[in-house]
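Here the structure is laid out as structure tokens; the discussion comes afterwards.
No experiment lies behind these values; they were computed from the predicted model shown.
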Amino acid sequence: MNTSGIDDHIDDLYHALLLDYAAGRLDEAKNLIVAAHVSMSRTAHQYLEQYESLGGYVLEQECKPVSLCESALDNILEKIDTTEPEESTQRMPFPGELDVPAPLQECLSTQRRKPGWKFMYPGFKTFKLDMDCKNSYTRFLKVAPAKKTPHHTHGGVELTLILDGAYEDEFGRYQRGDLIIKDEQHTHSPQACAHEGCVCMIVSDTPIKFTGLSKLLNLFVRI
């Protein structure tokens, strides 16, 4: 299988995603998964620093100053002084006491309910994260060791962050901290690590679409 064109396409999507994150253009779900990825990946953090520096340069060199009223600074300081501190939230443990990055811990704490795995399919458990996003679906997936997801494709872009363990598919092997991007160009069948299984966070535009002999699963399983 010649994947060079697909690899280049995904590489472009990855860097565009980091650029949008640096510019604050992502919705809440995509912003969360990228924040978690950056906190787990030194390489992603270095890319982000470059893009933030680029944004700062553009603001400094290309954007014209805007006049403000004389009381602008006082108004901002007043808002800061009068802002009530946020209520402290109790740390919400991830199911199985998995060590997850700080952005996810903070988000789970604001859910004000203990997340728990629910059976979805033999060898697969999941739970959904409720977020205020019209076009992004967020859930966590726990896959038992050596379990394989039936062949499927994607109606849009799917972001998968490996939180624990590893999985591999026709395009490569991925481990903790990796952010995998798939779209309608991909048909694959991921398989969890034979020893540890895999725990991951998934943000997608649409549920996956099972293909081939597994099409019937589309009526019963939504990932």
Side-chain angles (χ1 to χ4, degrees), residues 1-14 17 29-30 32-34 36-37 40-41 43-44 94-101 104 108 115-129 131 136-223:
M1 179 186 297
N2 183 2
T3 61
S4 58
I6 293 179
D7 290 342
D8 291 341
H9 169 63
I10 293 303
D11 193 53
D12 290 343
L13 287 179
Y14 177 76
L17 188 69
K30 291 186 175 69
L32 177 62
I33 196 171
V34 174
H37 168 57
M40 300 172 75
S41 168
T43 300
F94 195 85
E97 294 295 333
L98 181 66
D99 180 21
V100 298
L104 291 185
L108 290 172
W117 295 113
K118 296 181 179 179
F119 174 85
M120 184 186 69
Y121 182 78
F124 293 77
K125 295 181 180 180
T126 187
F127 72 86
K128 181 181 178 183
L129 192 60
M131 307 193 78
S136 294
Y137 303 88
T138 307
R139 67 270 191 206
F140 293 87
L141 190 65
K142 183 177 183 180
V143 186
K147 282 292 184 178
K148 178 180 287 190
T149 306
H151 272 90
H152 63 271
T153 186
H154 309 86
V157 174
E158 178 187 75
L159 308 176
T160 302
L161 176 64
I162 306 299
L163 299 174
D164 193 47
Y167 86 71
E168 59 184 17
D169 63 8
E170 294 85 341
F171 300 92
R173 177 179 173 83
Y174 315 98
Q175 55 192 8
R176 178 176 166 81
D178 287 343
L179 181 66
I180 306 103
I181 303 177
K182 303 294 183 186
D183 64 8
E184 63 277 359
Q185 295 190 32
H186 298 88
T187 298
H188 65 152
S189 180
Q191 181 170 354
C193 171
H195 301 290
E196 305 174 60
C198 182
V199 179
C200 57
M201 176 184 181
I202 302 173
V203 173
S204 61
D205 300 335
T206 61
I208 66 174
K209 297 178 180 179
F210 293 105
T211 59
L213 297 176
S214 302
K215 280 186 177 181
L216 186 61
L217 292 174
N218 290 315
L219 300 175
F220 308 100
V221 179
R222 292 177 65 85
I223 304 178

Partners meeting salt bridge (charged side-chain N to carboxylate O under 4.0 Å, His left out) with D164 (sequence neighbours left out):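 Salt bridge (charged side-chain N to carboxylate O under 4.0 Å, His left out) check on D164 returns nothing, list empty.
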Do you know which two heavy atoms are closest between [X] and [Y], and how far apart they sit?
| X | Y | result |
| --- | --- | --- |
| A194 | P145 | O-CB, 3.3 Å |
| G177 | S41 | O-CB, 4.3 Å |
| Y167 | D169 | CE1-OD2, 4.1 Å |
| T138 | A29 | OG1-CB, 3.2 Å |
| Q175 | A166 | CA-CB, 4.1 Å |
| K182 | Y174 | NZ-OH, 3.3 Å |

For the backbone of T149 and the side chain of S189, can you confirm whether one donor and one acceptor N or O come within less than 3.5 Å of each other?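 Indeed, once roles are kept as given, a pair shorter than 3.5 Å links the two residues.
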Just wondering, do [Y] and [X] contact through their side chains at under 4.5 Å, heavy atoms?
| X | Y | answer |
| --- | --- | --- |
| L179 | I33 | yes |
| M40 | R176 | yes |
| E158 | D183 | no |
| D12 | I10 | no |
| Y137 | V203 | no |
| V34 | L161 | no |
| L159 | I180 | no |
| C200 | L163 | no |

ring-ring contact (aromatic ring centres under 6.0 Å, His included) partners for F140, two or more places apart: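 So F140 forms a ring-ring contact (aromatic ring centres under 6.0 Å, His included) with F94, F127.
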Atom pair [atom1] ([X]) and [atom2] ([Y]), whose distance is rounded to the nearest 0.5 Å:
| X | Y | atom1 | atom2 | answer |
| --- | --- | --- | --- | --- |
| M120 | K142 | CE | NZ | 13.0 Å |
| E168 | C193 | CD | SG | 8.5 Å |
| L13 | I181 | CG | CD1 | 5.5 Å |
| T43 | H37 | OG1 | NE2 | 8.0 Å |
| Q191 | R173 | CD | CZ | 10.0 Å |

Where do L32 and M201 land on the side chain to side chain contact (heavy atoms under 4.5 Å, CB included) test, with the steps shown first? CA-CA 10 Å; L32 177 62; M201 176 184 181; 3.7 Å; yes
Are Y14 and H9 close enough that their ring centers fall under 6.0 Å? no
Report the residues that fulfil side chain to side chain donor-acceptor pair (under 3.5 Å) with S136, sequence neighbours left out, ordered by chain and then residue number. D27, K30
